[in-house]
Peer 1: 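Have a look at this one before I ask anything.
Counting from 1, the numbers follow the sequence of the chain as shown.
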Amino acid sequence: MHDKALDTADLRILAHLQSHAKASNHELAEVAFLSHSQCHRRVKRLEELNIIRGYTTQIDPQALGLEITIFVNVSLDAHGPNPAQRFSDAIKNVPEVI
């Protein structure tokens, strides 16, 4: 087990943030039944413990006209030093590759 003890308020904050990453401290405090200052301290603690590792925004690809998702399997021959790293470096700045 870990030493990052979480109580009901922490779990409520985390559950709400999973589906509402842009939730305000006011909104989180209401969900967790805490004062605004207590909630702020809880969120900061969860961040410091790396339980909350970041906040994200999900974008609807269809709303941007990106209606096709393609999965590709790539096989590499072992030519030269570290071909997998060279391939990864070659495609990391291609915006269409996720």
Peer 1: Mind checking the OG1-NZ spacing from Thr56 to Lys22? Nearest 0.5 Å is all I need.
Peer 2: 12.0 Å
Peer 1: Do Ile70 and Phe87 belong together in a cluster built from hydrophobic side chains that touch within less than 4.5 Å?
Peer 2: yes
Peer 1: Do the side chains of Leu34 and Leu28 get nearer than 4.5 Å, heavy atoms only?
Peer 2: no
Peer 1: How long is the straight-line distance from CD of Glu48 back to CG of Asn50, given to the nearest 0.5 Å?
Peer 2: 9.5 Å
Peer 1: Tell me the salt bridge (charged side-chain N to carboxylate O under 4.0 Å, His left out) pairs involving residues 30-44, sequence neighbours left out?
Peer 2: Asp7-Arg42, Asp10-Arg42, Lys44-Glu47
Peer 1: Is the shortest side-chain heavy-atom distance between Thr8 and Phe33 below 4.5 Å?
Peer 2: no
Peer 1: Could you work out the complete set of other residues in the hydrophobic cluster of Ile98, with links drawn between I, L, V, M, F, W and Y side chains under 4.5 Å apart?
Peer 2: none
Peer 1: Can you name the side chain to side chain contact (heavy atoms under 4.5 Å, CB included) partners of Gln62, sequence neighbours left out?
Peer 2: Asp60, Glu67
Peer 1: For Ala84, enumerate each residue passing the side chain to side chain contact (heavy atoms under 4.5 Å, CB included) test, keeping only those at least two apart in sequence or located in another chain.
Peer 2: Leu76, Asn82
Peer 1: Could you check whether any side-chain heavy atom of Cys39 comes within less than 4.5 Å of a side-chain heavy atom of His36, counting everything from C-beta outward?
Peer 2: no
Peer 1: Decide whether Val31 and Ile13 are clustered together by the hydrophobic rule: side chain heavy atoms of Ile, Leu, Val, Met, Phe, Trp, Tyr closer than 4.5 Å, transitively.
Peer 2: no
Peer 1: Check for me, please, whether Leu66 and Ile68 land in the same ILVMFWY cluster - side-chain distances under 4.5 Å, paths through other members count.
Peer 2: no
Peer 1: Do Glu27 and His20 pair up side chain to side chain, a donor and an acceptor below 3.5 Å, judged on atom types alone?
Peer 2: no
Peer 1: Would you mind listing every side chain to side chain donor-acceptor pair (under 3.5 Å) that reaches into residues 69-78, with sequence neighbours excluded?
Peer 2: none
Peer 1: The criterion is ring pair (Phe, Tyr, Trp, His ring centres under 6.0 Å); which residues satisfy it with His40, sequence neighbours excluded?
Peer 2: none
Peer 1: Treating Ile, Leu, Val, Met, Phe, Trp and Tyr as nodes and any side-chain heavy-atom pair under 4.5 angstrom as an edge, say whether Tyr55 and Leu11 lie in one connected cluster.
Peer 2: yes
Peer 1: Counting C-beta onward and ignoring hydrogens, is there a side-chain heavy-atom pair between Leu14 and Ile51 closer than 4.5 Å?
Peer 2: yes
Peer 1: Would a single hydrophobic cluster contain both Val74 and Val94, if residues Ile, Leu, Val, Met, Phe, Trp and Tyr are joined by side-chain heavy-atom contacts under 4.5 Å?
Peer 2: yes
Peer 1: Testing the basics here: between Ala23 and His16, what is the closest heavy-atom pair and its distance to 0.1 Å?
Peer 2: CB-CD2, 3.8 Å
